[in-house]
Structure formats: C-alpha cells, structure tokens
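As a basis for the values below, the full set of heavy atoms in this structure was taken, side chains included, without hydrogen atoms, waters or symmetry mates.
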Amino acid sequence: MQWTLVIPLKALARAKSRLSDTAADAVRPGLALAFAQDTVAAALACAAVGDVAVVTDDALAGRELAALGAWIVPDEPGGGLNAALAHGTTAVRSRSPECAVAALNADLPALRPVELARVLDAAAEFPRAFLSDAAAIGTTLLAASPGRELRPAFGTDSRARHRASGATELRLTAVDSVRQDVDTGDDLRAALALGVGPRTATLAAKLLIPGQPGPSTPPAA
C-alpha cells in the first residue's frame with residue numbers, strides 16, 4: 001500500500017517554544033524548519049510513501065519543503081493542529097479519493113525511511129491505527145486506510161484519545177526514529193543520540209549541547 005502523508009507545520013516564529021531551555025528565540029525557528037526538512041526528506045525516501053502534503057501558512061517553510069518535493073497545502077482553517085490535519089486530508093482525498101492517509105509529526109529529525117515503512121506496513125492491517133511517541137503519552141503517526149476517516153485527536157494525552165476513538169495502537173519495536181519527536185531539550189538530545197538528518201545536525205552542532213558528543217547523520221535506509 002502506498003501512503004500519502006499529511007504533515008502539519010505551524011508558523012516557524014511560533015514553533016518549539018518548549019525548547020527555550022536549549023535554544024534562544026532567534027534559533028528556534030531555524031530548528032523547527034530543520035526538523036521539518038529532515039522529516040519530509042526521510043518521508044519522501046520511504047518506499048511506502050507516495051506523496052507528502054505539508055499543511056502550513058509559513059512562506060519560508062512552504063518554499064523550502066516544496067523544494068524537497070512536498071505538496072504545500074495552505075492552512076486555511078487556521079484552527080490548530082487537528083483542523084489543519086482534517087483540512088489537509090480533505091485536500092489530499094479531493095485529488096485521490098481512495099488513498100491511504102497518515103498524519104505525521106513535523107518534528108521527527110531522526111526519522112529513518114525503513115522504520116517509517118515498517119510502521120506504515122503495520123498500519124495497513126487496520127482501518128485506523130496510531131503510533132505513540134517516545135514518552136508514551138502523545139502520538140507521532142495516525143493512519144487511516146482507504147475509505148476511512150482520519151479523525152485526528154492530537155494534543156494533550158493524544159495516545160489515550162486516539163485509543164478511545166477506536167484506533168488501533170501499533171505496538172512495534174525498533175521504530176524509535178518514528179517515535180522520537182522533539183519538544184524539549186531532552187527530546188533533542190535523545191534524537192541526536194539516535195542520529196539526526198543533516199539540517200538538524202548542522203544547527204544542533206552550533207548549540208554545543210552539554211554532554212552531547214556531537215550530532216550524527218542517520219543512514220539513508
């Protein structure tokens with residue numbers, strides 16, 4: 001099954017406020033963009049992914065992510081994460097009504113294509129399925145098979161909310177790169193330990209994070 005991914009991205013100037021303990025105000029927009037670029041690049045390199053749609057109104061992010069091959073969908077609702085995902089899914093299915101759709105976080109800089117493929121292949125067995133984040137509280141991926149509504153419930157305690165909505169939780173091992181989103185300095189250090197993509201690695205190196213031996217780039221597969 002080939003999937004279309006819908007990736008929401010808020011305006012860079014407002015992104016990643018919880019990284020204030022690690023990155024200054026002037027640095028965080030660049031980090032948010034780097035996370036998204038590395039996420040989109042890895043997603044497009046995944047054999048199970050046919051297309052990536054990014055829902056954003058940020059002009060810079062739109063240009064940079066379109067240059068990687070993503071389709072940019074304007075965030076017309078402007079109503080937050082779940083509204084953006086619903087809008088993006090509608091836009092995607094207006095072009096391909098029977099496509100399988102998965103929502104994916106934009107802050108997965110250590111994402112590996114082979115691990116994403118493993119998650120999507122597992123999700124294909126269910127009408128709706130999701131993967132929890134590394135903290136086992138949130139959600140990094142929510143998938144809907146052809147003909148099924150996505151019904152996103154991201155936000156606080158989204159793991160519990162997606163389970164309550166009837167989505168099947170994917171209990172997979174060895175997919176750490178798909179689980180490791182980045183909201184805090186500790187999250188960033190965990191992603192760096194996994195090995196992040198080149199754009200995040202370049203910016204993170206300038207932060208000189210204490211105790212971090214230096215970012216590395218993950219293998220292509």
Side-chain angles (χ1 to χ4, degrees), residues 5 7-46 49 52 54-70 72 81 103-119 131-141 154 158 174-221:
L5 302 187
I7 299 179
L9 180 63
K10 67 171 62 175
L12 298 177
R14 297 186 287 107
K16 297 302 159 193
S17 59
R18 292 170 60 193
L19 274 172
S20 59
D21 63 338
T22 303
D25 291 350
V27 176
R28 289 199 301 274
L31 273 176
L33 177 57
F35 296 164
Q37 288 173 302
D38 287 334
T39 299
V40 167
L44 286 168
C46 175
V49 175
V52 172
V54 177
V55 184
T56 187
D57 271 342
D58 191 286
L60 173 60
R63 289 194 301 272
E64 295 295 331
L65 298 174
L68 294 176
I72 306 303
L81 179 57
L104 184 70
N105 288 11
D107 57 353
L108 299 168
L111 186 64
R112 288 171 167 77
V114 69
E115 293 185 9
L116 177 58
R118 194 175 304 142
V119 174
L131 186 74
S132 67
D133 63 9
I137 296 172
T139 303
T140 56
L141 181 143
F154 286 84
S158 65
V175 292
D176 291 349
S177 76
V178 195
R179 295 185 187 275
Q180 190 56 66
D181 54 353
V182 176
D183 289 317
T184 67
D186 286 343
D187 293 337
L188 179 54
R189 282 181 277 272
L192 290 168
L194 289 174
V196 296
R199 299 162 187 85
T200 302
T202 297
L203 288 183
K206 298 177 182 178
L207 296 177
L208 300 176
I209 299 173
Q212 174 59 38
S216 59
T217 301

| message | As a quick check of understanding, evaluate side chain to side chain contact (heavy atoms under 4.5 Å, CB included) for Thr139 and Asp133, giving each step before the final call. | response | CA-CA 5 Å; Thr139 303; Asp133 63 9; over 6 Å; no
| said: Let's go through Val40 and Leu5 carefully: what are the C-alpha distance in whole Å and the side-chain angles of both, what is the deciding distance for side chain to side chain contact (heavy atoms under 4.5 Å, CB included) to 0.1 Å, and is it a yes or a no? | reply: CA-CA 9 Å; Val40 167; Leu5 302 187; over 6 Å; no
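By the side-chain hydrogen bond (donor to acceptor under 3.5 Å, both in side chains) test, Thr184 pairs with Asp187, sequence neighbours left out. Not a single side-chain hydrogen bond (donor to acceptor under 3.5 Å, both in side chains) links Asp176 to another residue, sequence neighbours left out. In this view, Arg14 satisfies the salt bridge (Lys or Arg N to Asp or Glu O under 4.0 Å) rule with no residue, not counting sequence neighbours. For Ala15, the side-chain contact (heavy atoms from CB on, under 4.5 Å) partners two or more places apart in sequence, or in a different chain, are Lys10, Ala32. Residues satisfying the side-chain hydrogen bond (donor to acceptor under 3.5 Å, both in side chains) criterion with Arg199, sequence neighbours excluded, are Asp38. Residues that satisfy the side-chain hydrogen bond (donor to acceptor under 3.5 Å, both in side chains) test with Asp183, not counting sequence neighbours, are Lys16.
Between the side chain of Arg28 and the main chain of Ala23, a donor-acceptor pair closer than 3.5 Å is present. Proximity of a side-chain donor or acceptor of Thr200 to a complementary backbone N or O of Val196 within less than 3.5 Å is not detected.
Checking Arg179 against Ser132 by side-chain atom types alone, a donor-acceptor pair falls below 3.5 Å.
The distance from the OG1 atom of Thr56 to the CD atom of Glu64 is 12.0 Å, given to the nearest 0.5 Å. Note that the CD atom of Glu115 and the CG atom of Leu131 stand 10.0 Å from one another [nearest 0.5 Å]. Summarising the geometry, atom CG belonging to Asp25 is positioned 11.0 Å from atom CG belonging to Leu19; distances are rounded to the nearest 0.5 Å. Rounded to the nearest 0.5 angstrom, Asp57 CG and Leu9 CG are separated by 10.5 Å.
By the 4.5 Å heavy-atom criterion applied to side chains, Thr39 and Leu104 are counted as neighbours. Contact annotation: the side chain of Gln180 never approaches that of Leu108 to less than 4.5 Å [non-hydrogen atoms, C-beta and beyond]. The shortest side-chain heavy-atom distance between Leu12 and Leu60 falls under the 4.5 Å cut-off. The closest side-chain heavy-atom distance from Val114 to Arg118 is below 4.5 Å. Side-chain contact between Val52 and Val54: present, with at least one pair of heavy atoms (C-beta onward) separated by less than 4.5 Å.
Checking each of Leu203, Leu111, Leu188, Asn105 against Phe35 for a side chain to side chain contact (heavy atoms under 4.5 Å, CB included) leaves exactly one that passes, namely Leu188.
Closest approach of Pro29 to Ala13, counting heavy atoms only: CG-CA, 4.3 Å. A pairwise comparison of heavy atoms in Ala191 and Val182 identifies CB-CG2, 3.9 Å as the closest pair. Between Ala61 and Leu33, the shortest heavy-atom distance links the atoms CA-CD1, 3.9 Å. Nearest heavy atoms, Leu116 versus Ala43: CD2-CA, 3.9 Å. For the pair Thr22 and Gly185, the tightest heavy-atom approach, listed with the atom from each and the gap, is OG1-CA, 3.0 Å.
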